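Small disclaimer: the values here were computed from a predicted structure and weren't measured.
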Amino acid sequence: MQPEDIERELVISTLRKIYWIEARMEELLLWETLIESGGEAKQALDTLIRDSEKHRILIGDWLNRLGIKLPESPPAGLSTKAFDFSGKELPEMWKEILKYEILMKGQYENLLDAECEPGIRSLIPKEKEREEFVSHIKELINTESTHMELCRQSMGAFRRIIGK
């Protein structure tokens with residue numbers, strides 16, 4: 001396998017993992033039943049749910065445009081494990097969500113690393129389309145940063161409320 005092929009496969013693998021994780025983040029719908037505090041927590045969750053759905057759709061569109069099959073099972077390195085909040089208090093739940101937001105931001109940032117550039121050039125030879133792709137990824141990085149802040153704010157608010 002040539003270095004260009006490896007770089008191309010690296011980008012494909014990253015996009016498939018991102019798609020899978022964003023689809024799993026939509027399980028936030030189930031989290032609403034676990035977080036009964038309402039108010040800001042529900043608003044924050046609604047934002048995460050809506051944005052994860054948008055991200056999954058956007059990445060799915062790029063996979064389709066690039067002729068890459070959407071993953072039907074977890075890509076290599078990812079588990080089928082769903083979120084389990086049983087026995088956890090609200091700050092712990094938000095901490096768990098935050099871990100995934102950090103992971104997602106890192107995955108998007110990895111796509112913009114110099115190491116992935118040749119793979120992206122190989123997958124998206126037209127400069128205008130490549131610029132569109134990079135622009136979308138930068139938007140997703142910004143959104144994930146916002147998600148991380150939402151999680152941190154929610155963790156802090158609940159810690160103050162329950163005295164931890």
Tell me the ring-ring contact (aromatic ring centres under 6.0 Å, His included) pairs involving residues 109-134, sequence neighbours left out?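 Non-adjacent pairs meeting ring-ring contact (aromatic ring centres under 6.0 Å, His included): W62-F133.
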Pairs meeting criterion salt bridge (charged side-chain N to carboxylate O under 4.0 Å, His left out) with involvement of residues 6-19, two or more places apart: none
Could you name each residue pair satisfying salt bridge (charged side-chain N to carboxylate O under 4.0 Å, His left out) that touches residues 125-150, not counting sequence neighbours? R65-E132
Which heavy-atom pair separates [X] from [Y] by the least distance, and what is that distance?
{"X": "W94", "Y": "A44", "result": "CH2-CB, 3.7 Å"}
{"X": "I59", "Y": "I18", "result": "CG1-CG2, 3.8 Å"}
{"X": "Y108", "Y": "I137", "result": "O-CG2, 3.4 Å"}

side-chain contact (heavy atoms from CB on, under 4.5 Å) partners of [X], counting only residues at least two apart:
{"X": "N64", "answer": "L70"}
{"X": "D5", "answer": "M1, Q2"}
{"X": "C116", "answer": "L10, V11, I120"}
{"X": "T146", "answer": "none"}

Could you go through the side chain to side chain contact (heavy atoms under 4.5 Å, CB included) check for L48 and C151 one step at a time? CA-CA 9 Å; L48 295 177; C151 290; 4.3 Å; yes
In chain order, what residues pass the salt bridge (Lys or Arg N to Asp or Glu O under 4.0 Å) check against K105, with sequence neighbours excluded?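 Partners of K105 under the salt bridge (Lys or Arg N to Asp or Glu O under 4.0 Å) test: E109.
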Between the side chain of S122 and the main-chain N/O of P118, is any donor-acceptor distance below 3.5 Å? no
Residues E92, K95; criterion salt bridge (Lys or Arg N to Asp or Glu O under 4.0 Å); working and verdict: CA-CA 5 Å; E92 295 171 298; K95 186 176 181 180; over 6 Å; no
Rounded at 0.5 Å granularity, tell me how far [atom1] in [X] sits from [atom2] in [Y].
{"X": "Q153", "Y": "L98", "atom1": "CD", "atom2": "CG", "value": "11.5 Å"}
{"X": "W20", "Y": "E72", "atom1": "CH2", "atom2": "CD", "value": "9.0 Å"}
{"X": "I141", "Y": "M104", "atom1": "CD1", "atom2": "CE", "value": "11.0 Å"}
{"X": "T14", "Y": "Q107", "atom1": "OG1", "atom2": "CD", "value": "5.5 Å"}
{"X": "D51", "Y": "E101", "atom1": "CG", "atom2": "CD", "value": "8.5 Å"}
{"X": "S52", "Y": "L45", "atom1": "OG", "atom2": "CG", "value": "10.5 Å"}

What pairs with E117 under side-chain hydrogen bond (donor to acceptor under 3.5 Å, both in side chains), at least two apart in sequence or on another chain? R121
Taking 4.0 angstrom as the limit, do R50 and E53 come out as a salt bridge?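 The answer is no: the pair does not qualify as a salt bridge.
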